[in-house]
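Worth knowing before you read on, the calculation uses all heavy atoms, side chains too, and leaves out hydrogens, waters and symmetry mates. Just so it is clear: chains get the letters A, B, ... in the order the sequence lines come, proteins before strands, and each one is counted from 1.
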Amino acid sequence: GAVVSQHPSRVICKSGTSVKIECRSLDFQATTMFWYRQFPKKSLMLMATSNEGSKATYEQGVEKDKFLINHASLTLSTLTVTSAHPEDSSFYICSAPDSNNEQFFGPGTRLTVL
Amino acid sequence: LAKTTQPISMDSYEGQEVNITCSHNNIATNDYITWYQQFPSQGPRFIIQGYKTKVTNEVASLFIPADRKSSTLSLPRVSLSDTAVYYCLAWMDSSYKLIFGSGTRLLVRP
């Protein structure tokens with residue numbers, strides 16, 4: 001099946017700094033990608049829909065100025081957590097649908113904010 | 001996007017068949033039913049998808065009754081490595097958007 005990668009796999013940062021997470025579709029193009037956040041022992045929560053060439057669509061309650069999304073190409077979307085705080089510590093996962101509408105998920109990025 | 005309801009957890013033993021039922025009472029005509037598996041600290045992995053009746057692949061079967069208000073994921077002869085969280089989703093093909101419910105935490109014991 002198709003492969004979606006994320007980088008980095010884990011990151012530790014200081015409170016107040018910004019962190020960028022990359023999501024790449026390795027062998028297919030994706031005009032749409034999705035970003036999720038998952039807290040320990042909880043389900044995935046959809047944060048936003050990343051659209052290539054246009055603005056991202058954010059779910060209710062997700063601050064767009066806090067979580068900046070850029071879908072720079074058909075294979076890359078980035079999520080930047082700005083001015084990170086300890087409560088932003090979470091597991092961030094992206095996904096992308098292939099041409100058959102099957103969603104493939106990245107391996108996730110573990111963010112720890114000190 | 002239909003809301004789905006699943007048992008929070010299930011226990012089983014190696015070699016047994018496990019059936020996880022999901023209810024989606026307000027499923028729309030265009031919604032598909034998809035199941036994902038997630039191991040700790042990993043992204044979800046697609047297991048199976050169907051629209052109606054029965055679908056089978058190399059890892060699981062999916063049973064969907066005629067009214068499509070529920071579905072059952074069947075895992076034959078589970079092993080310890082099947083311990084994971086299983087998510088049932090009802091989603092519309094054209095929207096791509098997936099909304100995850102609480103999932104079922106399956107524990108397979110030796």
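- For a residue to count as touching a neighbouring chain, one of its non-hydrogen atoms must lie under 4.5 Å from one of that chain's; by this rule A:Gln6 does not touch chain B.
- Using a 3.5 Å distance cut-off with no hydrogens or angles, the side chains of A:Ser77 and A:Trp35 do pair a donor with an acceptor.
- Annotation: maximal heavy-atom pairing with chain A below 4.5 Å, among B:Ser102, B:Ser41, B:Gly101, occurs at B:Ser41.
- Contacts between A:Leu44 and chain B at a heavy-atom distance below 4.5 Å involve backbone atoms as well as side-chain atoms.
- For the residue pair B:Gln38 and A:Gln38, a side-chain donor N or O sits within less than 3.5 Å of a side-chain acceptor on the partner.
- In this structure, chain B has a heavy atom under 4.5 Å from the backbone of A:Lys42, while its side chain stays farther away.
- Side chains of A:Thr80 and A:Thr82: no donor on one and acceptor on the other come within 3.5 Å.
- In this structure, A:His85 and A:Lys66 have side chains that are in contact, with non-hydrogen atoms separated by less than 4.5 Å.
- Contact annotation for B:Arg105: only side-chain heavy atoms (C-beta onward) come within less than 4.5 Å of a heavy atom of chain A.
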Run the numbers on B:Tyr87 and A:Tyr36 for ring pair (Phe, Tyr, Trp, His ring centres under 6.0 Å), then give the verdict. CA-CA 15 Å; B:Tyr87 293 98; A:Tyr36 294 83; 10.0 Å; no

